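Every heavy atom of this structure was used, including side-chain atoms; hydrogens, water molecules and symmetry mates were not. Note that the structure is a prediction, hence the values are computed from the model and not measured.
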Amino acid sequence: MFFWLLLHDRLSTRELLKRRNMALPSSYLRVCCNQSVEESLAHLFLHCSFAQSCWSSIGLNIGQQDPFSTLDNLRAQLNVPFFMKIIILRSWGIWMQRNDYIFKGIQPN
């Protein structure tokens, strides 16, 4: 369910909550990195420095492509039949680190 929500832009990132006219504290602005970029799915899972280090820790390089091209790129880099499980688990880990920071104050690592 998590990955379906991610692919359909339904995870509750700052960008989505603002589109739904929700007032949010500034702590939602930069959750996993120090860049001055609003939290969006592409930024959180692909382009922020925290996400980049998460992907590189398992030997994957993320370019600046759109998310679906990135997914194809990751599939090619992994070159294993269970590539989607790896991508889902790593994405879930990034999401959980983000939530731990927002709701528990635990720094992403």
Side-chain angles (χ1 to χ4, degrees):
M1 185 66 173
F2 160 77
F3 203 66
W4 183 90
L5 291 170
L6 189 147
L7 290 176
H8 290 90
D9 192 18
R10 298 289 185 250
L11 287 178
S12 294
T13 60
R14 180 179 175 88
E15 180 184 63
L16 177 70
L17 295 174
K18 277 183 64 178
R19 285 194 316 245
R20 294 183 178 173
N21 297 319
M22 295 184 76
L24 299 169
S26 62
S27 62
Y28 276 78
L29 184 59
R30 289 173 277 232
V31 177
C32 290
C33 69
N34 292 325
Q35 297 171 335
S36 296
V37 177
E38 185 170 80
E39 181 191 62
S40 67
L41 289 178
H43 179 74
L44 178 64
F45 290 101
L46 301 174
H47 305 304
C48 86
S49 56
F50 177 73
Q52 293 278 326
S53 66
C54 287
W55 292 110
S56 69
S57 73
I58 59 171
L60 298 175
N61 296 311
I62 304 291
Q64 294 296 318
Q65 312 144 311
D66 66 273
F68 290 105
S69 296
T70 300
L71 193 58
D72 282 340
N73 184 1
L74 292 175
R75 179 186 52 78
Q77 288 181 60
L78 287 166
N79 197 28
V80 293
F82 52 91
F83 76 95
M84 190 56 84
K85 291 178 183 177
I86 295 170
I87 293 169
I88 291 169
L89 288 172
R90 182 55 56 165
S91 298
W92 176 254
I94 293 169
W95 182 248
M96 293 307 294
Q97 289 286 305
R98 175 245 188 220
N99 288 343
D100 282 348
Y101 179 71
I102 289 174
F103 300 114
K104 298 177 184 174
I106 300 170
Q107 289 291 325
N109 62 28

Taking all non-hydrogen atoms of both residues into account, name the closest pair between Q97 and N109 and its distance.
-> OE1-N, 2.9 Å
Where is the tightest heavy-atom contact between T13 and R98, given as atom of each residue plus distance?
-> CA-NH2, 3.8 Å
Quick one: CD1 on I106 to CE on M96, what's the gap to the nearest 0.5 Å?
-> 10.0 Å
Steps toward side chain to side chain contact (heavy atoms under 4.5 Å, CB included) verdict (I87, L78) | CA-CA 9 Å; I87 293 169; L78 287 166; 4.1 Å; yes
Heavy atoms of S56 and S53 approach each other most closely as OG-O, 3.1 Å
Judged by atom type as modelled, is there a donor-acceptor pair below 3.5 Å linking the side chain of Q107 to the main-chain atoms of Y101?
-> no
Criterion side chain to side chain contact (heavy atoms under 4.5 Å, CB included) on F83 and V80, from CA distance to verdict = CA-CA 5 Å; F83 76 95; V80 293; 4.3 Å; yes
Does a side-chain heavy-atom distance below 4.5 Å link L6 with S91?
-> yes
Single-linkage hydrophobic cluster I86~W92, side-chain heavy atoms < 4.5 angstrom = yes
Common cluster, L89/W4, ILVMFWY with side-chain heavy-atom separation under 4.5 Å | no
Distance (rounded to the nearest 0.5 Å) between S49 OG and H43 NE2 | 7.0 Å
Distance from L41 atom CG to H47 atom NE2, nearest 0.5 Å?
-> 10.5 Å
Picking from W55, F45, W95, what satisfies side chain to side chain contact (heavy atoms under 4.5 Å, CB included) with R90?
-> W55
In one Ile/Leu/Val/Met/Phe/Trp/Tyr side-chain cluster, 4.5 Å: L11, I88 = yes
For residues L71 and F3, report the shortest heavy-atom separation together with the two atoms involved.
-> CD1-CZ, 4.5 Å
Of all heavy-atom pairs between L46 and A51, which one has the smallest distance, and what is that distance?
-> N-CB, 3.9 Å
Begin with the C-alpha distance, continue with both residues' side-chain angles, and end with the deciding distance and a verdict on side chain to side chain contact (heavy atoms under 4.5 Å, CB included) for N73 and L60.
-> CA-CA 9 Å; N73 184 1; L60 298 175; over 6 Å; no
N61 side, atom CG; T70 side, atom OG1 - distance, nearest 0.5 Å | 11.5 Å
